[in-house]
Asker: 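Have a look at this one.
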Amino acid sequence: MTFQDFDIDPRLLAAVAQASYVTPTPIQEAAIPAALDGQDLIGTAQTGTGKTAAFVLPILQKLLGGPRGHTRALILSPTRELAQQTHETIEALGARTGIRSATVYGGVRYTSQIKALKGGIDIIVACPGRLLDLIGQGCGRFDRLEALVIDEADRMLDMGFLPSVREILKHLPARRQTMLFSATFPHEVEQLASQVLTNPQRIAIGLMRPVETVSHALYPVDESQKMDLLLALLKSPERTSVLVFTRTRRRADRITRQIARAGLRVTCLHGDLSQSHRQAALNGFKSGAYRVLVATDIAARGLDVEGISHVINYDMPDTADAYLHRIGRTGRAERTGDAITLATPQDWEMVWTLQKIMGEDLSRQMLDGFEYSRQVSAIYAPVKAATPAARPTKSHGRHFAPARQSVRGFYRRGG
Ligand code: AMP
């Protein structure tokens, strides 16, 4: 299938070609015809699957006909970074159409956002908090709205935005096309979907499965050696563009300083930093000025950087959903990536959950030439042929699996 097979305007096809999209991704193949048909959609798709273009192209097509000077599409995003990236996708794909888009999110000045809302910019990409704030000030004009997208609904829920989303919905016309995207469907998201969508078509791509081009590896390590192991991993020349995840902002800062002291070009992205700092960090990482970006989950949500070679989970994510989103940053658009997770003995509970979800064991690796403390080598005995955890996904070095006694509880739970 090609993009020409969709019933879309030649100006959009030209922009698609300009963006070097040749073949539609599976979510695009399924969602674009349904959305062009005007249907409501529930898309189960993680980032990295091409879901943004899957809703942006039909919206642009819809807006080509009809009046200008009114906001006719609203896209709700959980984070500023995702909102910014969606806006950039609209600008790129809509470059030849004259359709304009603007972002509305917190942490920046109100002036241009008020102007965009009052001026009836065609597409508004907004984070719920700031949008609701501005609607409260009488700025939103949505009486001509035709399309609404609720993107990453599960993250909206995690971040406590669902009440704001519901409040915003009260200001939108009931007759509209609505598309909701989420990687997972907790009860509250299902409930929202059943309330805001009419006879939706469900499109499930890669439901709770990681991007298939990513290989996963666990590097068992003692807490005290995590930093040394991270530095040793970063030194490998094949790790050209690495995203490192930490649990907290403070840890992100500390790790960034330590990596910088080791002489690597590194920057950092988290919620405590100003918008301009975040933008500079992102731009620097995108351009290759920084080889390593250290980020927290929320800051990196929806991050769209071409060619991230590796994602390293310095800290184990708190949920399987967060794991899937983190590793969705690599292997994007069918590139091959690698996801490395440093796992301490305290993390085995989560390892079990991840393996359950992925339906396969994560391979255990040890870095050749790294001086492991005795503790670690005692905990993780080399793999024996019959060990359940000995099915590696890709070779990184020597394969190791936890010794049975340290994971007895782990396997008893059904892993
Ligand atoms: P998304 O899942 O929307 O975050 O998109 C992930 C990445 O894939 C972005 O960098 C897009 O520019 C890129 N992309 C989207 N659709 C295609 C396509 N059909 N072919 C190649 N790349 C694509």
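Counting convention: from 1, in listed order, for ligands and their atoms alike.
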Asker: Test your reading of the structure: does S20 have an N or O sitting under 3.5 Å from an N or O of ligand 1?
Answerer: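 No, since none of the N or O atoms of S20 sits under 3.5 Å from an N or O of ligand 1.
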Asker: Under a 4.0 angstrom heavy-atom cut-off, which atoms of ligand 1 come close to T23?
Answerer: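 Within the 4.0 Å cut-off of T23, ligand 1 contributes 18 (C), 19 (N), 20 (N).
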Asker: Please tell me whether Q85 and E81 have a donor and an acceptor in their side chains that are separated by less than 3.5 angstrom.
Answerer: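 E81 and Q85 do not have a side-chain donor-acceptor pair below 3.5 Å.
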Asker: To the nearest 0.5 Å, tell me how far T111 OG1 sits from K115 NZ.
Answerer: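 T111 OG1 to K115 NZ: 9.5 Å, rounded to 0.5 Å.
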Asker: Any nitrogen or oxygen of G50 lying under 3.5 Å from a nitrogen or oxygen in ligand 1? Just yes or no.
Answerer: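 Yes, G50 has an N/O under 3.5 Å of an N/O on ligand 1.
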Asker: Between NZ of K51 and CD1 of I27, what distance do you get to the nearest 0.5 Å?
Answerer: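 Result: 9.0 Å between the selected atoms.
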Asker: With heavy-atom distances below 4.0 Å as the criterion, list the atoms of ligand 1 near K51.
Answerer: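 Near K51, the atoms of ligand 1 are 1 (P), 2 (O), 3 (O).
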Asker: Nearest 0.5 Å please: distance from the CG atom of L131 over to the CZ atom of F142.
Answerer: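 The CG atom of L131 sits 5.0 Å away from the CZ atom of F142.
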Asker: Can you measure from CD (Q39) to CD1 (I203) and round to the nearest 0.5 angstrom?
Answerer: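 These two atoms lie 8.0 Å from each other.
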Asker: For F3, counting its heavy atoms only, list the atoms of ligand 1 lying under 4.0 Å from any of them.
Answerer: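 Reading through ligand 1 atom by atom, the close ones are 19 (N).
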Asker: Measuring from T344:OG1 to M350:CE, what's the distance to the nearest 0.5 Å?
Answerer: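 That separation rounds to 13.0 Å.
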Asker: Of the listed options (T2, L93, V16, T52), which comes nearest to atom 3 (O) of ligand 1 when hydrogens are ignored and any heavy atom counts?
Answerer: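 The nearest heavy atom belongs to T52.
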Asker: Counting heavy atoms only, which of E88, Q28, E29 is nearest atom 16 (N) of ligand 1?
Answerer: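 Nearest option to atom 16 (N) of ligand 1, by heavy atoms: Q28.
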Asker: Before you tell me yes or no, could you show the steps for D9 and R96 under salt bridge (Lys or Arg N to Asp or Glu O under 4.0 Å), namely the whole-Å CA-CA distance, both residues' side-chain angles and the distance that decides it to 0.1 Å?
Answerer: CA-CA 10 Å; D9 192 271; R96 294 154 200 255; over 6 Å; no
Asker: Considering only heavy atoms, does Q85 approach ligand 1 within less than 4.0 Å through its side chain, its backbone, both, or neither?
Answerer: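 Neither part.
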Asker: Relative to atom 17 (C) of ligand 1, which among F181, F55, Y21 owns the nearest non-hydrogen atom?
Answerer: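 Looking at heavy atoms only, Y21 sits closest to atom 17 (C) of ligand 1.
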Asker: Which bit of T89 is near ligand 1, meaning a heavy atom under 4.0 Å away: side chain, backbone, both or neither?
Answerer: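 T89 to ligand 1: no contact under 4.0 Å from either part.
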